[in-house]
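Structure, as structure tokens:
Only a predicted model underlies this, so the values are computations on that prediction, with no experimental measurement involved. The analysis underlying the following values was restricted to heavy atoms, covering all of them including side chains, and did not include hydrogens, waters or symmetry mates. Letters A, B, ... are given to chains in the order of the sequence lines, protein chains preceding strands, and every chain is numbered from 1.
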Protein chains: 2
Amino acid sequence: MMLTEQVDRIKERLKSKGYKLTPQRETTIRVLLEHEKDHLSAEEVFLLVKERFPEIGMATVYRVLDLLNELQIVQKVNFGDGAARFDLRAANSPHLHHHLICTQCGNVEEIMEDWLVSLEKRVEREFGFTVTDHRLDFQGVCSSCQMKEREKNKGGKNCQAVS
Amino acid sequence: MMLTEQVDRIKERLKSKGYKLTPQRETTIRVLLEHEKDHLSAEEVFLLVKERFPEIGMATVYRVLDLLNELQIVQKVNFGDGAARFDLRAANSPHLHHHLICTQCGNVEEIMEDWLVSLEKRVEREFGFTVTDHRLDFQGVCSSCQMKEREKNKGGKNCQAVS
DNA sequence: GTAATTGCAAAAGATTTGCAAGCGA
DNA sequence: TCGCTTGCAAATCTTTTGCAATTAC
């Protein structure tokens, strides 16, 4: 889908709920769409928006992000560093992506498929709990960090870990 | 398992890593064990510990919780309200419990089984990502809130939602 | 005895709020 | 025009840090 198309769709959503289309809101939405893969923090969004709209204030960015979160356009997530991050929800899927969080390099990879359909049914069946959303994150070591590790240990030393 | 037994086990773990057994640490551990189901925030832990050990300071509680988190005795989680919460890890299972978070009443129920074994294998296989831990939360409406909802709507009105 | 640990107070971040001015519909 | 929005600064809330005094081993 084209960027403009996505922007328009979100603008439509705002309008339909009676919210005004201000340049601050539009710029923030564009920044989020252009950094879809990045899990930006509020401050990062602020800095990026400020590049194009220098008068904007931090508080406005927080308010826009809050609004988009309420409208389910973004999802606020917390990976454990001090700050909340914002994940754009896919236009078609109502669910948050799954994440692979590398504890060595801090990189976050996304799994866009929904792997939880059958588990949601199980929750419904066993707990009588109606699922509206879910969150699945894996922590561990990504393939490129594993490669670096192997690289570092090469040389046939075949060493054992000692405490 | 008895409480004292669990406390001893954790004390052993501290000692083996060269940490000292202070009354502040012991009291904090006891409080966490006695509120295993509660997902306490740092402040809540602080207040509970303060009841038995009034001289303790907030900073100490944060430091103890950090330490227990590092030793994998508790797991720091963030459900999206402003503050981090602490979940005791089961003595046998290395993984964090799954959670059913009710968006109506805010209650958090735990699933103690590990439902993710096969998905972890898939992550390993498809992404070359070695999983060390995971997190699975479902948001939705719990059975008792659904019941309250039904109760409220009874009387055969059979109404439709209007915006 | 000595290094780890603590309590306090201050600092640091992240986020929210009050309010007068500005702007979109 | 009118009420929603904004920018700023101050306030709030959570968490961290520096440091001298204390304590477990």
Side-chain angles (χ1 to χ4, degrees), chain A residues 7-8 10-29 31 39-71 73-86, chain B residues 7-8 10-29 31 39-71 73-86:
Chain A
V7 175
D8 286 347
I10 294 172
K11 287 208 271 188
E12 221 35 67
R13 187 101 143 265
L14 281 183
K15 232 195 294 185
S16 77
K17 296 268 180 184
Y19 294 108
K20 292 181 182 166
L21 265 60
T22 64
Q24 289 90 333
R25 285 176 180 170
E26 173 152 359
T27 311
T28 306
I29 292 166
V31 162
H39 302 100
L40 301 173
S41 67
E43 172 136 41
E44 289 166 340
V45 174
F46 171 63
L47 291 173
L48 286 165
V49 174
K50 211 176 168 67
E51 286 176 12
R52 305 192 204 163
F53 199 102
E55 321 86 289
I56 203 167
M58 188 81 235
T60 302
V61 171
Y62 272 102
R63 283 182 287 222
V64 175
L65 290 171
D66 252 25
L67 178 60
L68 296 177
N69 188 51
E70 245 165 66
L71 295 180
I73 292 163
V74 299
Q75 164 98 25
K76 201 173 173 179
V77 280
N78 200 306
F79 292 127
D81 56 339
R85 296 180 174 275
F86 296 84
Chain B
V7 175
D8 286 346
I10 295 172
K11 287 208 272 188
E12 220 36 66
R13 186 99 147 267
L14 281 185
K15 231 195 295 185
S16 77
K17 295 269 182 183
Y19 293 109
K20 292 180 182 168
L21 265 61
T22 64
Q24 290 90 333
R25 284 176 181 171
E26 173 151 359
T27 311
T28 306
I29 292 166
V31 162
H39 300 102
L40 301 172
S41 67
E43 173 136 42
E44 288 165 340
V45 174
F46 171 64
L47 291 172
L48 287 165
V49 173
K50 211 176 167 65
E51 285 176 13
R52 304 192 204 163
F53 200 102
E55 321 86 288
I56 203 168
M58 189 80 234
T60 302
V61 170
Y62 271 101
R63 282 182 289 224
V64 175
L65 290 171
D66 252 25
L67 178 60
L68 296 176
N69 188 51
E70 246 165 64
L71 296 180
I73 292 162
V74 299
Q75 164 98 26
K76 201 172 174 179
V77 280
N78 201 307
F79 292 127
D81 56 339
R85 296 180 173 274
F86 296 84

Subject >> Length of the line joining Glu55(A):CD and dG22(C):C1', which is rounded to integer Å >> reply: 12 Å
Original post:
At what distance, to the nearest 0.5 angstrom, does CG of Leu65(B) lie from CZ of Arg63(B)?
Top reply: 11.5 Å
**OP:** Using a 4.5 Å cut-off on heavy atoms from C-beta on, say whether the side chain of Phe86(A) contacts that of Lys76(A).
**Re:** yes
**OP:** Round to a whole Å and report the spacing from NZ of Lys20(A) to C1' of dG22(C).
**Re:** 10 Å
**OP:** Please work out which residues in residues 60-68 of chain A have a non-hydrogen atom less than 4.0 Å from an atom of DNA chain C and list them by number.
**Re:** Tyr62(A), Arg63(A)
Original post:
Can you check whether Thr27(B) reaches Ile56(B) side chain to side chain, under 4.5 Å on heavy atoms?
Top reply: no
**OP:** Check whether any side-chain heavy atom of Lys11(A) sits under 4.5 Å from a side-chain heavy atom of Asp8(A), and report yes or no.
**Re:** yes
Original post:
Taking atom P of dG22(C) as reference, at what distance in whole Å does atom CD1 of Ile56(A) sit?
Top reply: 17 Å
Original post:
Hey, which of Val61(A), Leu68(A), Leu67(A) is the one that makes side chain to side chain contact (heavy atoms under 4.5 Å, CB included) with Val64(A)?
Top reply: Leu68(A)
Original post:
Roughly how many Å is it from OH in Tyr19(B) to C1' in dA3(C), rounded to a whole number?
Top reply: 14 Å
Subject >> Shortest non-hydrogen separation from Phe46(B) to Gly57(B) and the atoms involved >> reply: CE1-C, 3.6 Å
Original post:
Distance check: side-chain N/O of Gln24(A) vs OP1/OP2 of dC23(C), anything under 4.0 Å?
Top reply: no
Original post:
CE of Met58(A) versus C1' of dT15(C): gap in Å, rounded?
Top reply: 8 Å
Subject >> Separation of atom CD in Glu43(A) from atom C1' in dT16(C), rounded to whole Å >> reply: 16 Å
Original post:
Tell me, do Arg25(A) and Thr28(A) make a side-chain contact under 4.5 Å, heavy atoms counted?
Top reply: no
**OP:** Rounded to 10°, tell me the angle between the two end axes of the helix from dG1(C)-dC25(D) to dA25(C)-dT1(D), each built from five pairs.
**Re:** 40°
Original post:
Of all nucleotides in DNA chain D with an atom under 4.0 Å from a non-hydrogen atom of chain B, which is the first and which the last going 5' to 3'?
Top reply: dT14(D) to dC25(D)
Subject >> Reported CG-to-CD1 distance for the pair Leu71(A) and Ile10(A), which is rounded to 0.5 angstrom >> reply: 10.0 Å
Original post:
Is a side-chain N or O of Arg85(A) found less than 3.5 angstrom from the main chain of Phe79(A), in a donor-acceptor match?
Top reply: no
Subject >> Of Gly57(A) and Ala83(B), the one whose closest DNA chain D nucleotide lies more 5' >> reply: Gly57(A)
Subject >> Nearest-0.5 Å distance that lies between atom CD in Glu55(A) and atom NZ in Lys50(A) >> reply: 8.5 Å
**OP:** Calculate the interatomic distance between Asn78(A) atom CG and dT15(C) atom C1'; express it in whole Å.
**Re:** 13 Å
**OP:** Please state how far atom CZ in Phe53(A) lies from atom P in dC23(C), giving the value in whole angstrom units.
**Re:** 9 Å
**OP:** Take Thr22(A) and Ala59(B), find for each the nucleotide of DNA chain D with the closest heavy atom, and name the residue whose nucleotide sits nearer the 5' end.
**Re:** Thr22(A)
**OP:** For Phe46(A), report the nucleic acid contact type (base, sugar-phosphate, nothing); a contact means any heavy atom under 4.0 Å.
**Re:** nothing
Subject >> Approximate separation, where rounding is to 0.5 Å, of His39(A) NE2 and Asn78(A) CG >> reply: 12.0 Å
Original post:
Given Gln24(B), which of Thr60(B), Val49(B), Ile29(B) fulfils the side chain to side chain contact (heavy atoms under 4.5 Å, CB included) condition?
Top reply: Thr60(B)
